[in-house]
**Q** 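One structure, as structure tokens, below. Some questions next.
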Amino acid sequence: MHSAFNRSRRKFLYQTTAGIAAFTSIPGLSRGMADMQNMVFKTPNRASPNFKPDVEIEMLAQQTAVSIFPGQQTRVMRYTGRLLQGPRDSVTDIPGSYLGPILNLEKGQKVRIHLKNNMDEENIIHWHGLHVPAIMDGHPMNAIPRGETYVYEFEILNRAGAYIYHPHTHEKTASQVYYGMAGAILVRDEEEKRLGLPSGEFEIPIIIQDRSFDAQNQLLYIHMPMQRMTGFQGDVVLVNGKPNAQFDVAGRAYRLRVVNASNARIYKLGWDDGMPVTVIGVDGGLLAKPVSRPYVMLAPGERLDVWADFSGRKSGTELTMRSLPFSGALPAMAERMMGGGMRHGMAFTKLAPGSEFPIFKIRIVNTANDSPSLPATLSKPPQYDLADVANAANPVPITISEAHMAMLLNGKPYQADDFLPQERMPLNTVQLLEIAHAHGSSGGHGNGGMGMMGRGMMGRMGGHRRHAGDNESGHGPHGRNRGMMAGGMGGMGGMGAMMSMAHPIHLHGQQFRILSRSSPAVGPAAESYATVRDGFIDSGLKDTVLVMPGERVHIIKPFQDYKGVFMFHCHNLEHEDMGMMREFLIE
Ligand code: C2O
Ligand code: CU
Ligand code: CU
């Protein structure tokens with residue numbers, strides 16, 4: 001229960017623009033979920049007269065209809081953009097798509113964005129992957145009702161890369177994204193420009209989503225509770241908002257800016273003729289040098305910068321990017337249900353997760369005399385290592401727990417302003433974090449104190465340990481296995497196995513480095529892992545990491561520049577809305 005006094009005091013605090021840091025320092029003043037559900041009105045952030053934008057954009061959130069299929073239009077929710085000032089190509093529409101415009105921004109630019117909400121429900125935009133102050137980050141507490149405008153002002157501090165914008169509305173992120181609200185942000189910088197990578201018509205955004213439609217071309221969303229647990233899996237793959245996507249290209253090198261903007265679907269990307277997938281960048285920008293793999297995994301929220309060279313291919317030939325078969329996306333039980341679901345009349349998607357299907361087609365329509373060649377070295381991403389971290393012996397745990405209808409992080413559902421000790425971060429530090437599944441199927445708690453520096457990790461997992469940046473994997477000492485490897489309720493043979501699934505864990509704020517992964521060595525989780533293990537690009541900077549069943553991941557992340565509240569959550573958006581989200585308070 002919140003008193004009227006608290007409510008008016010809360011409003012006052014927001015109006016003082018003292019910010020979240022001041023707000024959270026008042027003891028006894030809690031912002032709970034109840035507040036958000038009651039939609040306590042806060043004055044939205046307004047334009048500051050001292051901020052001189054290089055780019056100014058209006059983003060309108062609205063309910064409208066677009067043509068996706070012949071015949072009836074599809075009702076969607078979408079962002080439309082309008083450039084108020086700045087370089088002409090800052091806002092580029094994707095013609096005929098429900099997706100928001102591509103925002104083309106430069107490192108160092110000062111950006112002001114007016115989000116105007118014309119929808120019947122609340123909305124707020126989050127700039128996924130961008131390092132911005134807490135009140136510019138699109139926290140659910142800042143959602144605005146119809147008729148209101150929220151003004152964002154920030155400087156682009158990020159490296160060149162592909163980022164995403166999407167709503168972060170409390171318990172409505174998944175549905176609002178599903179109905180169409182998302183878009184890509186392409187940041188450029190000097191380092192990237194010097195490389196002369198394919199640009200203009202030779203640089204193609206590939207925004208991948210899966211959806212389901214009824215016979216009237218209308219979007220179908222969750223219609224059974226199981227779909228929340230697995231995350232929504234559609235049965236039509238859309239690229240840039242269109243089914244059966246096809247791109248006509250010349251026989252030369254292209255740069256494909258691939259974004260997984262699906263709610264929950266994980267893709268295993270591979271070319272149908274066996275050409276390796278050449279990756280030049282990931283979430284946080286260009287890699288140090290290109291990496292080629294037979295296939296690459298792409299989880300919701302992740303991005304890939306793909307170099308695709310069609311040189312030497314004959315005009316009239318085709319090539320398809322497919323999702324290749326894999327397992328481990330879902331609990332074994334659900335995978336079986338999905339596989340055999342059709343027969344039992346239980347199908348909740350015709351496109352089972354981990355099954356094989358085409359994503360888009362490339363058609364070579366003319367030859368080219370000339371093509372840029374793949375640079376041997378690309379960039380110098382910051383390379384954090386253990387010497388930089390404040391807590392090498394004591395990683396900050398992020399614990400995944402899976403129980404029936406309750407996906408949790410750190411053993412708790414999301415609650416605003418509810419910081420566990422491990423969720424308070426000292427400003428301007430670099431931290432080692434350990435993301436792992438809990439030892440049981442219910443609740444669970446962190447493993448803080450079990451450092452990776454000791455015998456801990458290898459003994460606990462008895463698994464492969466692979467360091468990012470090299471491909472060597474060794475067998476660790478097989479100690480007493482706990483975690484997913486052990487029997488019983490928490491192990492692979494019990495509830496743990498039934499519930500354990502892959503989760504793309506996303507952290508707001510600065511990009512991190514993936515230091516190492518420790519994967520299961522034996523049992524069903526290891527068998528599943530073998531179908532995906534060559535597809536992780538762990539070099540470069542990331543903001544989202546796919547954590548497979550039985551897997552333990554160490555990351556190094558800076559917490560610099562901005563105080564305040566920054567979320568971290570599963571980017572399976574149904575999981576996020578179920579409460580698989582927590583927050584760091586940087587102080
Ligand atoms: Cu892309 Cu907090 O999300
Ligand atoms: Cu984000
Ligand atoms: Cu999840």
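Ligands are counted one by one from 1 in listed order, and the atoms in each one are counted from 1 as well. Just so you know, these numbers come straight off a predicted model, no measurement behind them.
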**Q** Using a cut-off of strictly less than 2.8 Å, determine whether H126 has an N/O/S atom near the Cu ion (ligand 2).
**A**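 It does: H126 brings an N, O or S atom closer than 2.8 Å to the Cu ion (ligand 2).
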**Q** Please find the N/O/S atom of H569 nearest to atom 2 (Cu) of ligand 1 and write down its name.
**A**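 This turns out to be NE2.
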**Q** What about Y152 and Y150, are their ring centers closer than 6.0 Å?
**A**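 So the answer is yes for these two rings.
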**Q** Backbone or side chain, does H508 get an N/O/S atom under 2.8 Å to atom 2 (Cu) of ligand 1?
**A**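 Yes, since at least one N, O or S atom of H508 sits under 2.8 Å from atom 2 (Cu) of ligand 1.
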**Q** Check H139, H128, H168, H131 against H508 for a ring pair (Phe, Tyr, Trp, His ring centres under 6.0 Å) and give me the one that passes.
**A**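 Passing option: H168.
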**Q** If I consider every N, O or S atom in H168, which one ends up closest to atom 2 (Cu) of ligand 1? I only need its name.
**A** NE2
**Q** I'd like to know: is the Cu ion (ligand 2) within the 2.8 Å range of an N/O/S atom from H506, strictly under that distance?
**A**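 Yes, H506 qualifies, because one of its backbone or side-chain N, O or S atoms lies under 2.8 Å.
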**Q** What pair of heavy atoms forms the shortest contact from L99 to A182, and how long is it?
**A** CD2-O, 3.5 Å
**Q** Would you kindly say whether Q560 and Q510 are connected by a side-chain donor-acceptor distance under 3.5 Å?
**A**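 Per modelled atom types, Q560 and Q510 side chains form a pair under 3.5 Å.
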**Q** Return yes if a side-chain donor-acceptor contact under 3.5 Å exists between H126 and H166, otherwise no.
**A** no
**Q** Could you tell me the angle subtended at the Cu ion (ligand 3) by ND1 of H503 and ND1 of H575, rounded to 10°?
**A**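 If I round to 10°, I get 110°.
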